[in-house]
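In what follows, chains are A, B, ... by sequence order, proteins preceding strands, each numbered from 1. Both backbone and side-chain heavy atoms feed into the values below; hydrogens, waters and symmetry mates do not.
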There are 2 protein chains.
Amino acid sequence: MSRATTAPGPGRRPSGDGDGRRALLLDAAEKIFNARGIQAVGMDRLRSASGLPLKRIYELFPGKDAVVVATLRRRHTRMMADIGAHVDAAGSPRERVLSLFDWFHEWFETPEFRGCPWMNAYGELGPTNPAIAAEVYHHQREFRALLTSVPRSAGCSEAVVGAVYLLAEGAVAAAAVQHSPSPAAEARAAVAALLAADAPASGAAVPGTAVPGAAASTAPPAGV
Amino acid sequence: MSRATTAPGPGRRPSGDGDGRRALLLDAAEKIFNARGIQAVGMDRLRSASGLPLKRIYELFPGKDAVVVATLRRRHTRMMADIGAHVDAAGSPRERVLSLFDWFHEWFETPEFRGCPWMNAYGELGPTNPAIAAEVYHHQREFRALLTSVPRSAGCSEAVVGAVYLLAEGAVAAAAVQHSPSPAAEARAAVAALLAADAPASGAAVPGTAVPGAAASTAPPAGV
DNA sequence: AAGGAAAGAGAATGAACGTTCTTTGACGCG
DNA sequence: CGCGTCAAAGAACGTTCATTCTCTTTCCTT
């Protein structure tokens, strides 16, 4: 719904162009939804936090639901890329697997951490909002694919592959309520124990290139 | 109208006494909050589902928040007892640990399963409602104590003890979004792998009474 | 410099919610 | 038989929210 009708060159754009405004809004929405939940946040708060008039917000998105979905999607893309980059900075296949939990530890230590944004949105709006439920499903499927690809390409058994994902998911839930990063360390210790028992993981020579990286670093957010 | 004068006791109490009314309300609230979230459910729906007039509801509870907390608390008590009974029906220490995940598998298979009610409430209302946040914290602490007590009294290492809890928490989150009980089976397989690598677990004879409150006695928690 | 389109700020609107109050009707007791 | 008490049902009240509309100002174009 862009108004390309009479908007010539870069004349006057106090709040930036469409993309800039979109980023302003999503930055504000991500922060506020994370801190206070979704239904507890009114559009007026999004307006004051983003500096955008309501009129612009409703030009960018058809409604609040779309803002929520876009916020989740943008954060998903960023998170996947972050994890991918973190894993790619590790050396051996074993270290790549363990580095996942270092990433989670760092996340849990940030003061804004308040649990998994997707699980929070799912618990709050999943039953009544199919678009949000679908977005959460999409996130979890890709997140799971990323987390399982690391131990799988390290040659781990399927039991260990599944455990890495479930331990990560459990650590997020535990850390959220406990307000402590220690579940990440516990999950890491559990994975270390599993890897020690899983012969191929520690010594096997699996091509260490970033198999999952392709899914995270360059994939466009389009589609689905 | 349809008010048969069924007064089975002192005076006339069409809807039962205080405890009966409380149970009526909590039954309805538990079901509806689980299916639709909390903020999406109005007091009017609680009234129609429970059959209690609003006046009685507000006599039983000072407000909606108290209904939510009471619902979570009652369900917590029931869940803890259910898990304890299920574990106690198992035989060897190893089977007791694995039976935890059979319990979860059964839970995930029920059609009403929609994730962890406490995590859902925490994501939705934790930031704005300290009473609910405290109730969730209380639940998670006791839930964790129960789940860790089973592998601990089976002689498992602390890494395995922590993994059992985190795998359970992760399985709940995964099963909720996937609408599938398979995460319970995956978690069970991971625990079986851990137990196989954990020497004392399979053979050691540890007195296997359920819910041994004396938790941390042997090994210190795996710090950072 | 005048005209006009678009921008920002915020009021208006209509619906939903939590909580309280009023009305209506039935029962027990004198 | 009439009166007081209490229960149920639902209207009422004040607030909040998502969304739309209005009014005033700004700044480009001619």
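Residue B:Arg56 places at least one side-chain N or O under 4.0 Å from the OP1 or OP2 atom of D:dA7.
As a whole-Å value, the separation of B:Leu25 CG from D:dA8 P is 14 Å. The interatomic distance linking A:Gln39 (CD) with D:dA18 (C1') rounds to 12 Å, in whole Å. The distance from atom CG of A:Asp65 to atom P of D:dC17 is 16 Å, rounded to the nearest whole Å. The CD-C1' distance, from B:Glu59 to C:dT19, rounds to 14 Å in whole Å. Taking atom CG on B:Leu46 and atom P on C:dC17, their separation rounds to 12 Å, with Å as the unit. If you measure from atom CG of A:Asp44 to atom C1' of D:dC17, you get 9 Å, rounded to the nearest angstrom. At whole-Å resolution of the value, CG in B:Leu54 and P in C:dT23 are 18 Å apart. Nucleotide C:dC21 holds its P atom 13 Å from the OH atom of B:Tyr58, rounded to whole Å.
Contact detail for A:Asn120 and A:Gly115: the closest heavy-atom pair is ND2-C, 4.2 Å.
Looking at heavy-atom distances under 4.0 Å, A:Val67 makes no contact with the nucleic acid at all.
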**Message:** Run the side chain to side chain contact (heavy atoms under 4.5 Å, CB included) test on A:Glu142 and A:Met80 for me, step by step, so that the C-alpha distance in whole Å, both residues' side-chain angles and the decisive distance to 0.1 Å come before the verdict.
**Reply:** CA-CA 8 Å; A:Glu142 289 213 354; A:Met80 297 290 281; 3.7 Å; yes
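Between A:Glu112 and A:Arg75 no salt bridge is recorded (no basic side-chain N to carboxylate O distance below 4.0 Å). Comment: B:Asp27 does not engage B:Arg22 in a salt bridge, judged by the lack of any side-chain N to carboxylate O separation of less than 4.0 angstrom.
If you check D:dA18, C:dA7, C:dG18 against the side chain of A:Arg21, the one that comes closest is C:dA7. Side-chain proximity of A:Met43 to C:dG8, C:dT19, D:dT19: nearest is D:dT19. Nearest nucleotide to the A:Pro53 side chain, out of C:dG18, D:dT19, C:dG8: C:dG8. Closest to the side chain of A:Lys64, out of C:dT22, D:dT19, D:dT22, is D:dT19.
Of the options B:Lys31, B:His76, B:Glu30, a side-chain contact (heavy atoms from CB on, under 4.5 Å) to B:Thr71 is made by B:Glu30 and by none of the others.
Mapped onto DNA chain C by nearest heavy atom, B:Lys55 and B:Gly63 fall at different nucleotides, with B:Gly63 at the one closer to the 5' end.
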